[in-house]
Chemist: 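Please see the structure below; I have some questions.
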Amino acid sequence: MDFTAAATRAAEAITNAFASIMRGMGGAFDSAGTVCRNVADNIQPLEIKGRIFSWKVREYGSSHYAVYEINALGGADELRAITHSQRAAEKIAEIMESDHLEYLRRVSPEKIGRRNVAADSLRAAVITAYESGVFE
């Protein structure tokens with residue numbers, strides 16, 4: 001048995017296993033990041049005042065998915081990306097949305113607003129309880 005060939009195959013097997021583990025962990029971290037962003041957006045959604053652009057994923061043909069940039073001012077929807085995977089298209093739309101939000105944060109921070117849905121709901125409940133005579 002040739003020792004060099006065996007060592008090469010062993011190194012290749014280790015490299016492939018490590019790459020596979022890293023891809024799995026990357027997918028898990030990506031999913032965890034998406035979950036965390038969704039929770040943050042549900043707790044305190046960010047909104048862009050005077051928003052013009054948004055991104056949507058649609059089917060494109062029989063086996064592709066496309067990311068379209070939607071212009072709220074009535075302009076035509078522009079095709080931005082085509083992929084075979086719906087998950088990849090959704091990730092591209094998420095990245096474009098995040099990039100746009102970050103751009104506006106740096107250029108026009110006054111356009112970014114935080115809606116305190118939970119705080120507003122609690123405030124409304126306290127006011128309602130006070131007005132109904134629960135508190136004196």
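Only this structure's heavy atoms are used, side chains among them; waters, hydrogens and symmetry mates stay out.
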Chemist: With a 4.5 Å limit on heavy-atom distance, are the side chains of Arg106 and Glu102 in contact?
Modeler: yes

Chemist: To the nearest 0.5 angstrom, please state how far the CE atom of Met22 sits from the CZ atom of Phe29.
Modeler: 8.0 Å

Chemist: Do the side chains of Ile21 and Ile14 join up, straight or via other hydrophobic residues, at under 4.5 Å, putting them in one cluster?
Modeler: no

Chemist: When rounded to the nearest 0.5 angstrom, what is the spacing between CD1 in Ile92 and CE in Met96?
Modeler: 8.5 Å

Chemist: Identify the residue among Leu79, Thr83, Val67 that makes a side-chain contact (heavy atoms from CB on, under 4.5 Å) with Tyr60.
Modeler: Leu79

Chemist: Could you state the interatomic distance from CG (Asp99) to CG (Leu104), rounded to the nearest 0.5 Å?
Modeler: 10.0 Å

Chemist: Going by heavy atoms in the side chains, are Thr34 and Glu94 under 4.5 Å from each other?
Modeler: yes

Chemist: Mind checking whether Glu59 and His64 have side chains closer than 4.5 Å, heavy atoms only?
Modeler: no

Chemist: Could you pull out the closest heavy-atom pair between Ala93 and Trp55, with the gap in Å?
Modeler: CB-CB, 4.1 Å

Chemist: With under 30° as parallel and over 60° as perpendicular, where do the rings of Phe53 and His100 fit, or are they tilted in between?
Modeler: perpendicular

Chemist: Which residues pass the side-chain contact (heavy atoms from CB on, under 4.5 Å) test with Ile70, sequence neighbours left out?
Modeler: Ser54, Lys56, Arg58, Tyr68, Asp77

Chemist: Using a strict 4.0 Å threshold on nitrogen-to-oxygen distance, state whether Glu90 and Arg87 make a salt bridge.
Modeler: no

Chemist: Quick check against the 3.5 Å criterion: does Thr8 have a side-chain atom that pairs as donor or acceptor with the backbone of Thr4?
Modeler: yes

